[in-house]
A.B. asks: 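Handing you a structure now.
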Amino acid sequence: MTLSTKPLSGMRQRLPNEFNIEKYVTEILSLSSVQAGFQEYDGPVIEPLALFAAKSGGELVGRQSYCFTDRGKREVILRPEMTPSLARMVAAQGELQLPVRWFSMPLCYRYERPQRGRVREFLQFNLDILGSESLSAELEVIMVLQEIMNSFKAPSSIYKIGWSSRRFMSDALSRCGVHIEIAQEVFSAIDKRDKMTEEKWANFLLGVCKGDSVLTGKVVSLVSVESLSDPWLVSLMAESSAFEEVVKFNNLLLGLGITSAVFSPAIVRGLDYYTGIVFELMDTGGQNNRSLCGGGRYDNLVGLFGNKKISGVGFGLGVLTLTLFLETYGLIPNSVKKASPADVYVAVASKDAVISAGLLVTSLRSHGYRVMMDVSGKKLGKQYKEASRYGISYLITVDFEEIDTGKYKMKNLLDGSVFTGSLDDLIGRLE
RNA sequence: GUGGGUGUAGUUCAGUUGGUAGAGCCCCUGAUUGUGGUUCAGGUGGUCGCCGGUUCAAGCCCGGUCACCCACCCCA
């Protein structure tokens, strides 16, 4: 019986070229975080099931997780997301200086059927601020997100950061007359709005509201609101602190000129632990239906581990979904897609020249160049071909003549020019 | 978990009303070339996903099964 050449469904396996692209993406994410004063952390891949059962949302743990009983009879789970682990880490550090600004690039696991932009093992960039209740924390996090998109040279026309507030929506819905018992269902219905036509959705909502057409009409107006100064909304939300917060946050965004951030009352977010401002990053072109990034404020997560009350705000961003987004808009530079593995290829003309070639290679490497030496033992023509296929710019041939004279022939494979000189000459010639 | 689609060479795909398998690219060899890129000549490579059925005959028709892709669900 022969083994399959494929990895398990949805599991990551990347060839060097694909790896290069992923590395380009993750490095920009890390760099943007570091530039904003965030520090990197990591946590365990395997966690107790209870950590997620408490707060993540039923479906995520119930149906979409890799969980099993380990040899010590513990119920464990391959982490489907990072935030609960983060909350525990912060809760455990009594002396931590708050607020903390941390980021991470964990592999996460979800047992779902794979499709475009969704696999079972995926990198999810996470960036959080814990221990600040100020709206500045939300603002800071969105500023970083904006800076990330700028670093990828993504024009603001191709994406938007939609945001809303859970607290505001709860308040607004109850002012519309939505009974607390169906509030959760209404939330979930609102979340589905983009998935169907307006008519269909209105009908669906009518069902959730148990046929109350007046109520349905109000909810429809609410999620259709485009401006925070909409008179109907302003009068509905009179003296609402949640509304004041939303208005204040909107002004902060306007003040900073973050125009890609748009108030969108229909954004709810699926994870149960979000409490305040929530946001997500979406492709406006419709090419990538999945949100690239989702986040918001969670107030009570750290409280699971004791009496401490620490509020946090942050987001998770799928490296795969982001990469797909960048690829559909041609934002992965060619230099990344076709990165050559070396600056110089050292061709070995005969077996007896190996030692001399090796010495040359060592010397060039010590000068900081990426140098590949032939290991095929094939004739020179083939070695040229290999170097050229790798996209390597320079090729140095080593043969008896070179060994005797100490002068090497270096060919520029891009323009075909040949240069002859000593090792020092060559180094001077390399960029 | 639900629905749709596709499985033929390393890869992208053709394959007629059923008659024993084809192309481009890649790869290999040789010639040409400024020792690689160009051009030319030649070549390797396939239990047609798997199992069963119909038939004189199945890549093609039928049933089953597996795998992958896409969408829903959920979410990154």
Side-chain angles (χ1 to χ4, degrees), chain A residues 1-2 4-12 15 25-26 29 52 56-65 79-83 104-127 145 188 191-192 194-196 267-274 278-283 287-296 314-325 340 345 347-350 374 376 378-399 401 409-419:
Chain A
M1 182 188 144
T2 54
S4 169
T5 53
K6 286 175 192 156
L8 282 176
S9 173
M11 291 297 160
R12 284 157 30 108
L15 297 170
V25 174
T26 53
L29 292 171
F52 294 87
S56 283
E59 181 117 6
L60 189 60
V61 176
R63 224 161 46 100
Q64 302 178 341
S65 65
R79 63 180 172 209
E81 55 153 340
M82 192 60 165
T83 309
S104 190
M105 197 81 67
L107 269 176
C108 297
Y109 298 82
R110 290 184 195 173
Y111 196 86
E112 300 180 279
R113 194 173 286 190
Q115 59 187 261
R116 177 178 161 84
R118 185 172 86 182
V119 288
R120 292 178 171 180
E121 179 184 45
F122 57 98
L123 274 180
Q124 190 195 56
F125 170 74
N126 276 254
L127 183 124
L145 185 55
S188 142
D191 201 33
K192 291 188 173 74
D194 288 343
K195 298 271 156 102
M196 38 189 124
I267 286 177
V268 179
R269 306 293 314 145
L271 292 173
D272 290 346
Y273 49 68
Y274 291 121
V278 287
F279 58 90
E280 58 187 42
L281 180 69
M282 286 164 301
D283 180 355
Q287 297 263 19
N288 302 281
N289 232 338
R290 207 169 300 284
S291 65
L292 308 177
C293 157
F315 65 84
L317 184 152
V319 172
L320 172 63
T321 48
L322 175 62
T323 304
L324 286 174
F325 169 80
S340 88
Y345 187 99
V348 187
S350 73
D374 176 72
S376 71
K378 289 183 184 165
K379 48 187 178 181
L380 274 183
K382 302 292 168 202
Q383 297 188 33
Y384 267 70
K385 207 168 179 178
E386 187 181 358
S388 134
R389 261 202 292 246
Y390 272 128
I392 296 169
S393 309
Y394 292 96
L395 182 144
I396 299 173
T397 310
V398 179
D399 204 349
E401 191 189 332
K409 216 192 273 180
M410 181 166 81
K411 182 164 182 174
N412 182 328
L413 291 174
L414 302 179
D415 62 19
S417 64
V418 179
F419 173 81

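Every chain is numbered from 1 and lettered A, B, ... according to where its sequence line falls, protein lines coming before strand lines.
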A.B. asks: Check every atom of B:rA71, B:rC74, B:rA67 against the side chain of A:K6 and return the nucleotide holding the closest atom.
C.D. replies: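 The closest nucleotide is B:rA67.
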A.B. asks: Does A:V25 reach the side chain of A:L123, with side-chain heavy atoms less than 4.5 Å apart?
C.D. replies: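 SC-SC contact between A:V25 and A:L123 ruled out.
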A.B. asks: Scan A:L123 against the nucleic acid and name what it touches under 4.0 Å (heavy atoms): base, sugar-phosphate only, or nothing.
C.D. replies: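 Here A:L123 touches no strand at all.
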A.B. asks: What does B:rG37 pair with, Watson-Crick or G-U, if both distances are under 3.5 Å?
C.D. replies: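 Result: none.
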A.B. asks: If we take the P atom in both B:rU39 and B:rU20, what is their distance in whole Å?
C.D. replies: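 Rounded to whole Å, the distance is 36 Å.
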A.B. asks: Are A:Y111 and A:Q64 close enough that a side-chain donor and a side-chain acceptor fall under 3.5 Å?
C.D. replies: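 Side chains of A:Y111 and A:Q64: no pair found under 3.5 Å.
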A.B. asks: Below 4.0 angstrom from OP1 or OP2 of B:rU29, is there any side-chain N or O of A:K382?
C.D. replies: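 So the side chain of A:K382 is within the cut-off, an N or O lying under 4.0 Å from OP1 or OP2 of B:rU29.
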A.B. asks: Rounded to the nearest angstrom, tell me the gap between atom CZ in A:R389 and atom C1' in B:rC25.
C.D. replies: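 Taking CZ of A:R389 and C1' of B:rC25, I get 14 Å after rounding.
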A.B. asks: Considering all heavy atoms of both residues, which atom of A:S388 and which atom of A:L413 are nearest to each other, and what is their separation?
C.D. replies: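 For A:S388 and A:L413, the tightest heavy-atom pair comes out as N-CD1, 4.2 Å.
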A.B. asks: Which part of the nucleic acid, if any, lies within contact of A:K411, taking any heavy atom under 4.0 Å across all strands shown: a base, the sugar-phosphate backbone alone, or nothing?
C.D. replies: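 Since a base atom lies under 4.0 Å of A:K411, the category is base.
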A.B. asks: Sort out the partner of B:rA21 for me: Watson-Crick or G-U wobble, both distances under 3.5 Å, none otherwise.
C.D. replies: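 Because no pair has both required distances under 3.5 Å, B:rA21 counts as unpaired.
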A.B. asks: Has A:R113 got a side-chain N or O lying under 4.0 Å from the OP1 or OP2 atom of B:rA71?
C.D. replies: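 No, A:R113 has no side-chain N/O under 4.0 Å of OP1/OP2 on B:rA71.
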A.B. asks: Mind checking who B:rU6 pairs with, Watson-Crick or G-U wobble, both distances under 3.5 Å?
C.D. replies: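 Its partner is B:rA67 (Watson-Crick or G-U wobble, both distances under 3.5 Å).
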A.B. asks: Identify whether any heavy atom of A:L281 sits under 4.0 Å from a base atom; if not, whether one sits that close to sugar-phosphate; answer base, sugar-phosphate or nothing.
C.D. replies: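 Nothing: the residue A:L281, judged by heavy atoms under 4.0 Å, touches no strand.
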A.B. asks: Provide, to the nearest angstrom, the distance between the CD atom belonging to A:Q383 and the C1' atom belonging to B:rG37.
C.D. replies: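 Between C1' of B:rG37 and CD of A:Q383: 17 Å.
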A.B. asks: To the nearest 0.5 angstrom, please state how far the CE atom of A:M11 sits from the CZ atom of A:R120.
C.D. replies: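 Here the interatomic distance stands at 7.0 Å.
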A.B. asks: Please measure how far the C1' atom in B:rA14 lies from the corresponding atom in B:rG24, and state the result in whole Å.
C.D. replies: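 Nearest-Å result for B:rA14 against B:rG24 at atom C1': 10 Å.
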A.B. asks: Considering the options A:V348, A:L380, A:D374, which one meets the side-chain contact (heavy atoms from CB on, under 4.5 Å) requirement together with A:T397?
C.D. replies: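 Considering A:V348, A:L380, A:D374, a side-chain contact (heavy atoms from CB on, under 4.5 Å) with A:T397 is found only for A:L380.
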A.B. asks: Any donor-acceptor pair under 3.5 Å joining the side chain of A:E280 to the base of B:rA76?
C.D. replies: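 Looking at the base of B:rA76, it does not pair with any donor or acceptor on the side chain of A:E280 (distance under 3.5 Å).
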A.B. asks: Rounded to the nearest angstrom, tell me the gap between atom CZ in A:R120 and atom P in B:rA67.
C.D. replies: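 So the CZ-P distance, A:R120 to B:rA67, works out to 10 Å.
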A.B. asks: Does A:Q115 place a side-chain N or O at less than 4.0 Å from the phosphate oxygens OP1/OP2 of B:rC72?
C.D. replies: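 The answer is yes; a side-chain N or O of A:Q115 sits under 4.0 Å from OP1 or OP2.
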A.B. asks: Please step through side-chain contact (heavy atoms from CB on, under 4.5 Å) for the pair A:Y394 and A:N412, ending with a clear verdict.
C.D. replies: CA-CA 5 Å; A:Y394 292 96; A:N412 182 328; 3.9 Å; yes
A.B. asks: Select one nucleotide: of B:rG36, B:rC69, B:rA76, the one nearest the side-chain heavy atoms of A:P114.
C.D. replies: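 Comparing B:rG36, B:rC69, B:rA76 against the side chain of A:P114, the answer is B:rC69.
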A.B. asks: So, do A:P114 and A:S9 sit near enough that their side-chain heavy atoms are less than 4.5 Å apart?
C.D. replies: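 Yes. Closest side-chain heavy atoms under 4.5 Å.
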A.B. asks: Rounded to whole angstrom units, what separation is found between the CD atom of A:E121 and the P atom of B:rA76?
C.D. replies: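 Going from CD in A:E121 over to P in B:rA76 covers 18 Å.
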A.B. asks: Without decimals, in angstroms, what is the distance between A:K378 NZ and B:rG36 P?
C.D. replies: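 For the pair A:K378 NZ and B:rG36 P, the rounded distance is 15 Å.
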A.B. asks: Pick the C1' atom in B:rU17 and in B:rU11, then give their distance to the nearest Å.
C.D. replies: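 B:rU17 and B:rU11 have their C1' atoms separated by 32 Å.
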A.B. asks: Let's see if you can work this out: which of B:rC70, B:rC28, B:rC74 has an atom nearest to the side-chain heavy atoms of A:R118?
C.D. replies: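 Nucleotide nearest to A:R118's side chain: B:rC74.
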A.B. asks: Between B:rC69 and B:rU12, how far apart are the two C1' atoms, rounded to whole Å?
C.D. replies: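 Nearest-Å result for B:rC69 against B:rU12 at atom C1': 15 Å.
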A.B. asks: With a 4.0 Å cutoff (strictly under), does any side-chain N or O of A:K379 reach OP1 or OP2 of B:rG36?
C.D. replies: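 Result: no.
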A.B. asks: Whole angstrom is fine here: how far is it from CE in A:M105 over to P in B:rA76?
C.D. replies: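 A:M105 atom CE is separated from B:rA76 atom P by 16 Å.
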A.B. asks: Considering only atom C1', compute the distance from B:rU16 to B:rC60 and round it to an integer number of Å.
C.D. replies: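 So the two C1' atoms sit 10 Å from each other.
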A.B. asks: Please state the P separation for the pair B:rA31 and B:rG36 - nearest whole angstrom.
C.D. replies: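 Pairwise P distance, B:rA31 against B:rG36, rounds to 11 Å.
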A.B. asks: Rounded to the nearest Å, what distance is computed from the OH atom of residue A:Y384 to the P atom of nucleotide B:rG34?
C.D. replies: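 Spelled out: OH on A:Y384 to P on B:rG34 is 13 Å.
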A.B. asks: As an exercise, state the distance from CD of A:Q124 to CZ of A:F315, rounded to the nearest 0.5 Å.
C.D. replies: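 CZ of A:F315 is found 10.5 Å from CD of A:Q124.
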A.B. asks: State the pairing partner of B:rC61; accept Watson-Crick or G-U wobble contacts with both distances under 3.5 Å, and report none otherwise.
C.D. replies: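 Partner of B:rC61: B:rG53.
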A.B. asks: Does B:rA76 pair with anything, Watson-Crick or G-U wobble, both distances under 3.5 Å, and if so, with which nucleotide?
C.D. replies: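 Pair assignment: B:rA76 / none.
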A.B. asks: What's the gap between B:rA21 and B:rA9 when it is taken at their P atoms, as a whole Å value?
C.D. replies: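 To the nearest whole Å, 14 Å.
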A.B. asks: Using the C1' atom as the point on both nucleotides, what is the distance between B:rG45 and B:rA58, in whole Å?
C.D. replies: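 So the two C1' atoms sit 24 Å from each other.
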A.B. asks: For a quick test of reading the model: is some side-chain N or O of A:T397 closer than 4.0 Å to OP1 or OP2 of B:rU35?
C.D. replies: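 No, A:T397 has no side-chain N/O under 4.0 Å of OP1/OP2 on B:rU35.
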A.B. asks: Does B:rG43 pair with anything, Watson-Crick or G-U wobble, both distances under 3.5 Å, and if so, with which nucleotide?
C.D. replies: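 The answer is B:rC27, by the H-bond criterion.
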A.B. asks: What about A:R110, does its side chain sit under 3.5 Å from the base of B:rA76 through a donor-acceptor pair?
C.D. replies: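 A donor-acceptor contact between them is present.
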A.B. asks: Quick check: on RNA chain B, is the nucleotide nearest A:V418 upstream (toward 5') of the one nearest A:Q124, or the reverse? Name the residue that is more 5'.
C.D. replies: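 Result: A:V418.
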A.B. asks: 5'-most contact on RNA chain B: A:L292 or A:L8, nearest heavy atom basis?
C.D. replies: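 Whichever sits nearer the 5' end wins; that is A:L8.
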A.B. asks: Whole Å only: how far is the CD atom of A:E386 from the P atom of B:rC28?
C.D. replies: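 So the CD-P distance, A:E386 to B:rC28, works out to 10 Å.
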